[in-house]
Engineer: 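If you scroll down you'll find the structure; I have some questions about it.
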Amino acid sequence: KIKIPTDLSDITIRQYVQFLNETENQTDHEKAVTMVSIFCNLTREQVNQLPASDFDMILDEMNKILESEPKHERIIIHKGVQLGFVPNLDECTLGEIIAMDELIQDIKSWGEAMSVFYRPITKKINDHYDIEPYKPNKITDLSDLPLSVALGVQVFFTI
């Protein structure tokens, strides 16, 4: 039984980073096998055992997903904790802006960048919320967040 992602939220940042790292010098066919392997949590051997028509269908779906337009999510839930996107980028500290800018530049740091952009909500009233203050020593790796979250940050920063 194969679990095929249906949208960007079914792929993690970690999987996407792994895919980009592994396919850097691969042929198109190798990239396709790697994509199906990583995003469907299959070994390469399992991918090579798939009927060609199934492989083509899965690959077509994967490509559609990666070409889809992500939407920015202001509030997400991660491991039972509500995280809010920085409510007002104009009010960010210099340290936050530097961390956001530096971490978002390298795809390998996207997981850490998300912990600067998204922090636990401390107070919420209707659509308004406050988040924990930025603490440089509290940057964590959120690579297990959905890829849709990271790509949605593009609304504010160029990734």
Engineer: May I ask you to decide if Leu42's main-chain N or O and Ser37's side chain share a donor-acceptor pair within less than 3.5 Å?
Structural biologist: yes
Engineer: Provide the closest heavy-atom pair for Ile2 versus Ile58 in the form atom of the first, atom of the second, distance.
Structural biologist: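 Answer, listing the atom of Ile2 first, then Ile58: CD1-CD1, 4.3 Å.
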Engineer: Run the numbers on Ile104 and Val116 for side chain to side chain contact (heavy atoms under 4.5 Å, CB included), then give the verdict.
Structural biologist: CA-CA 10 Å; Ile104 210 72; Val116 179; over 6 Å; no
Engineer: Looking at every non-hydrogen atom in both residues, tell me the closest pair between Ile107 and Leu20 and how far apart they are.
Structural biologist: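 Result for this residue pair: CD1-CD1, 2.7 Å.
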Engineer: I'd like to know whether CG of Asp60 has more than 12 heavy-atom contacts from other residues, nucleotides or ligands below 6.0 angstrom.
Structural biologist: yes
Engineer: Roughly how far apart are Phe55 CZ and His29 NE2, rounded to 0.5 Å?
Structural biologist: 6.0 Å
Engineer: Is atom CG of Asn126 surrounded by more than 12 heavy atoms (other residues, nucleotides or ligands) closer than 6.0 Å?
Structural biologist: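 No, CG of Asn126 has 12 or fewer neighbouring heavy atoms, counting only those of other groups under 6.0 Å.
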Engineer: One pair to check against side chain to side chain contact (heavy atoms under 4.5 Å, CB included): Thr34 and Phe19. What are the steps and the verdict?
Structural biologist: CA-CA 7 Å; Thr34 300; Phe19 167 71; 4.2 Å; yes
Engineer: Treating Tyr129 as the side-chain partner and Phe85 as the backbone partner, does any N or O pair qualify as donor plus acceptor under 3.5 Å?
Structural biologist: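 Present.
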Engineer: Going through the checks in order, is the salt bridge (charged side-chain N to carboxylate O under 4.0 Å, His left out) test met by Asp130 and Lys124?
Structural biologist: CA-CA 6 Å; Asp130 292 329; Lys124 184 177 177 191; over 6 Å; no
Engineer: Would you say Glu61 and Thr6 make side-chain contact, with heavy atoms under 4.5 Å?
Structural biologist: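 Heavy-atom side-chain distance check fails, nothing below 4.5 Å.
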Engineer: Return yes if a side-chain donor-acceptor contact under 3.5 Å exists between Glu67 and Asn63, otherwise no.
Structural biologist: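 Glu67 vs Asn63: no donor-acceptor pair found between side chains.
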Engineer: Report yes or no: do Glu22 and Gln18 form a side-chain donor-acceptor pair below 3.5 Å?
Structural biologist: yes
Engineer: Apply side chain to side chain contact (heavy atoms under 4.5 Å, CB included) to residues Leu66 and Leu147 and explain how you reach the verdict.
Structural biologist: CA-CA 10 Å; Leu66 292 176; Leu147 179 59; 4.2 Å; yes
Engineer: Contact between Val149 and His78 at the side-chain level, heavy atoms closer than 4.5 Å - yes or no?
Structural biologist: no
Engineer: Find the distance between CG (Leu151) and CD1 (Ile13) and round it off to the nearest 0.5 Å.
Structural biologist: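 The CD1 atom of Ile13 is 8.0 Å from CG of Leu151, to the nearest 0.5 Å.
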Engineer: May I ask you to test the Met114-Val153 pair for a side-chain heavy-atom distance under 4.5 Å?
Structural biologist: yes
Engineer: Hydrophobic cluster membership, with links at side-chain heavy-atom distances under 4.5 Å among I/L/V/M/F/W/Y: are Val81 and Leu142 in one?
Structural biologist: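 Per the 4.5 Å side-chain linkage, Val81 and Leu142 are co-clustered.
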Engineer: Which atom names give the shortest non-hydrogen contact between Ile139 and Tyr134, and what distance separates them?
Structural biologist: CD1-OH, 3.8 Å
Engineer: Shortest non-hydrogen contact from Pro5 to Cys40?
Structural biologist: CD-SG, 3.9 Å
Engineer: Atom CE in Met57, atom CG in Leu59: separation rounded to 0.5 Å?
Structural biologist: 10.5 Å
Engineer: For residues Ser148 and Pro70, report the shortest heavy-atom separation together with the two atoms involved.
Structural biologist: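 Of all heavy-atom pairs spanning Ser148 and Pro70, the closest is O-CB, 4.1 Å.
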Engineer: Would you check if the side chain of Glu91 reaches a backbone N or O of Asn88 as a donor-acceptor pair within less than 3.5 Å?
Structural biologist: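 No; judged by distance alone, with no hydrogens or angles, the pair does not exist.
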Engineer: CG of Asp10 to CE of Met62: how many Å apart, nearest 0.5 Å?
Structural biologist: 8.5 Å
Engineer: Given the rule in the side chain to side chain contact (heavy atoms under 4.5 Å, CB included) test, do Gln15 and Asn41 qualify, once you have shown the distances and angles that lead to the verdict?
Structural biologist: CA-CA 9 Å; Gln15 287 174 309; Asn41 295 308; 3.4 Å; yes
Engineer: Say you draw a straight line from CE of Met35 to CD of Gln26; how long is it, rounded to the nearest 0.5 Å?
Structural biologist: 10.5 Å
Engineer: Assess whether a salt bridge exists between Asp127 and Arg74, defined as any Lys/Arg side-chain N lying under 4.0 Å from an Asp/Glu carboxylate O.
Structural biologist: no
Engineer: Cut-off 3.5 Å, side chains only: do Glu30 and Thr23 have a donor facing an acceptor?
Structural biologist: no
Engineer: For the residue pair Cys92 and Val86, what are the closest heavy atoms and their distance?
Structural biologist: SG-CG1, 3.4 Å
Engineer: Anything under 30° is parallel, anything over 60° is perpendicular, the rest tilted; go ahead and classify His72 against Tyr118.
Structural biologist: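 Ring orientation, 0 to 90° scale: tilted.
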Engineer: About how many Å separate CD1 of Ile121 and CD of Gln82, when rounded to the nearest 0.5 Å?
Structural biologist: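 Rounded to the nearest 0.5 Å, the CD-CD1 separation comes to 4.5 Å.
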Engineer: Could you tell me whether a side-chain N or O of Ser115 sits under 3.5 Å from a main-chain N or O of Thr140, the two making a donor and an acceptor?
Structural biologist: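 Between the backbone of Thr140 and the side chain of Ser115 there is a qualifying donor-acceptor contact (under 3.5 Å).
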Engineer: If we only count heavy atoms from C-beta on, is the Leu103 to Trp110 side-chain gap below 4.5 Å?
Structural biologist: no
Engineer: Out of curiosity, does Val47 fall in the hydrophobic cluster containing Ile4 (side-chain heavy atoms, cut-off under 4.5 Å, transitive links)?
Structural biologist: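 Yes, Ile4 connects to Val47 through the hydrophobic network.
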Engineer: Is there a side-chain contact between Ile11 and Ile65 (heavy atoms, below 4.5 Å)?
Structural biologist: yes
Engineer: Quick test of your reading of the model: are Glu96 and Arg119 salt-bridged, counting only N-O distances below 4.0 Å?
Structural biologist: yes
